[in-house]
Amino acid sequence: SRLVKYDVSVRWLETGSQEKGTPQLSFYMPLKAAPKEFTFDVPFGTTDREGVDYDLPGLTFASSGDVAIFSKHTYGFRCYEDNMSLTLLRSGFDPDPYPECGLHEIEFALGFGIEDKEKLINASREFNTPLTVASNYSHGGDMPLNMEGIKVEGPQVTAVRGGNNKTTIRMYEALGVATEAVVTMPCVVKAAWTTDINGNRLQSVNHSGNTVRLEVGKNKIITLEIEW
């Protein structure tokens, strides 16, 4: 793994006031040089921003190119000149005078040498949504002992929903370059459609066997409904 992971337990008792100001806990990372821009992830993609000396929002990461900070719980990244920081806790005082007092469990990570934006998104997804394992007891059934799940190549996947012999997949193109989505199902596909954001069918999509292919334009969001 290229990530150095931090699990931080903080018993936070700091309070703010008009006189004292706002106490804040941050993670600070110096850089070997100041990059021209920093990359942040935003809904359905990434954006490059010049460094500024105040917090800017990122969904899960900010990157200088050489170093990336990945976060599970907080969203304020300060990237300026030759340093980066992540705001972990911040005690406001109005209207609640004690908003953060108590025990906090905070997870974040550092990544090194992940310059490709698609690899940054994938590393963030692996950190924020690790594989979940569910154990079960021995019992009979009609499914094969070994079976692949749904495989999507090309765009990034944001949501998968199933039920009633249908699977809906929402995906987006994150790099600003048109791509082909190749969706491989664990069963034969009977029909496929693109839909709008509310699930209303728009047009049918070509499929063959257990595979569906369609073009995804640059920076586009696609919702695909598959009947099997």
Side-chain angles (χ1 to χ4, degrees), residues 1 3 5 40-47 57-61 70-75 105 107 109 111 114 116-228:
S1 174
L3 301 187
K5 300 177 182 178
F40 293 71
D41 71 327
V42 295
F44 297 104
T46 64
T47 187
L59 285 180
T60 63
F61 71 79
F70 299 92
S71 174
K72 281 190 177 182
H73 308 294
T74 59
Y75 314 98
E105 302 291 338
E107 296 179 62
I114 312 175
D116 182 81
K117 291 182 179 179
E118 186 172 19
K119 291 181 179 179
L120 277 170
I121 294 171
N122 290 337
S124 176
R125 177 163 296 167
E126 291 172 7
F127 174 63
N128 277 277
T129 54
L131 182 66
T132 300
V133 178
S135 60
N136 207 332
Y137 59 90
S138 177
H139 60 278
D142 57 6
M143 297 184 70
L145 295 177
N146 185 17
M147 183 179 71
E148 280 195 27
I150 301 170
K151 182 179 180 181
V152 179
E153 300 173 89
Q156 293 288 330
V157 175
T158 64
V160 178
R161 183 181 65 190
N164 299 321
N165 294 334
K166 295 177 184 177
T167 300
T168 301
I169 304 171
R170 180 162 295 148
M171 47 193 150
Y172 69 95
E173 195 291 306
L175 306 178
V177 179
T179 187
E180 181 185 41
V182 181
V183 181
T184 305
M185 300 292 292
C187 52
V188 174
V189 175
K190 294 181 179 179
W193 304 266
T194 57
T195 75
D196 63 20
I197 203 75
N198 295 315
N200 300 307
R201 292 175 181 174
L202 298 176
Q203 61 184 35
S204 61
V205 178
N206 292 331
H207 57 89
S208 175
N210 65 338
T211 303
V212 179
R213 296 175 179 268
L214 72 160
E215 294 297 319
V216 181
K218 66 177 183 179
N219 303 126
K220 295 295 185 179
I221 303 170
I222 293 289
T223 304
L224 177 67
E225 180 184 322
I226 299 173
E227 181 179 329
W228 42 270

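We're numbering straight along the sequence, starting at 1. Predicted, not measured: the structure shown is a model, and the values here were computed from it. Below, each value reflects all heavy atoms present in this structure, side chains not excepted, and no hydrogens, waters or symmetry copies.
Under a 3.5 Å cut-off, the side chain of Glu126 and the backbone N or O of Thr129 do not form any donor-acceptor pair. For Asn198 (side chain) and Asn200 (main-chain N/O), no donor-acceptor pair under 3.5 Å exists by modelled atom type.
Side-chain contact between Arg125 and Gln156 is present, with heavy atoms from C-beta onward closer than 4.5 Å. Between Glu107 and Lys5, the closest side-chain pair of non-hydrogen atoms is not below 4.5 Å. Considering only heavy atoms from C-beta on, Met185 comes within 4.5 Å of Ile150 through its side chain. Counting heavy atoms from C-beta outward, Leu120 and Thr46 have side chains that stay 4.5 Å or more apart.
Within 6.0 Å of the CG atom in Asn136, the count of heavy atoms belonging to other residues, nucleotides or ligands exceeds 12. The 12-atom threshold is not exceeded at CD of Glu148, counting heavy atoms of other residues, nucleotides or ligands nearer than 6.0 Å. Other residues, nucleotides and ligands contribute only 12 or fewer heavy atoms inside 6.0 Å of the CG atom of Asn206.
Of all non-hydrogen atoms in Gly111 and Leu3, the two that sit nearest each other are CA-CD2, 3.6 Å. Considering all non-hydrogen atoms of both residues, Phe70 and Phe61 come closest at CD2-CB, 3.6 Å. When all heavy atoms are compared, the tightest approach of Pro43 to Leu59 is N-CD1, 3.5 Å. The two residues Ser71 and Asn128 have their closest heavy-atom pair at O-OD1, 3.2 Å. When every heavy atom of Pro186 is checked against every heavy atom of Gly149, the shortest pair comes out as CD-O, 3.9 Å. For Asn210 against Cys187, the heavy-atom pair with the smallest separation is CB-O, 3.0 Å.
Between atom CG of residue Leu175 and atom CD of residue Glu118 there is a gap of 5.0 Å, rounded to the nearest 0.5 Å. Here the straight-line distance linking atom CD1 of Ile226 with atom OG1 of Thr211 works out to 9.5 Å at 0.5 Å rounding. Annotation: the span from Thr168 atom OG1 to Arg161 atom CZ amounts to 4.5 Å, rounded to 0.5 Å. To the nearest 0.5 Å, atoms NE2 (His207) and CG (Leu214) are separated by 12.5 Å. The distance from atom CD1 of Ile121 to atom CG of Asp116, rounded to the nearest 0.5 Å, is 9.0 Å.
For residues 143-171, there are no ring-ring contact (aromatic ring centres under 6.0 Å, His included) pairs, not counting sequence neighbours. The list of side-chain hydrogen bond (donor to acceptor under 3.5 Å, both in side chains) pairs with a residue in residues 212-228, not counting sequence neighbours, reads Thr167-Trp228, Arg170-Thr223, Glu180-Arg213, Arg201-Glu225.
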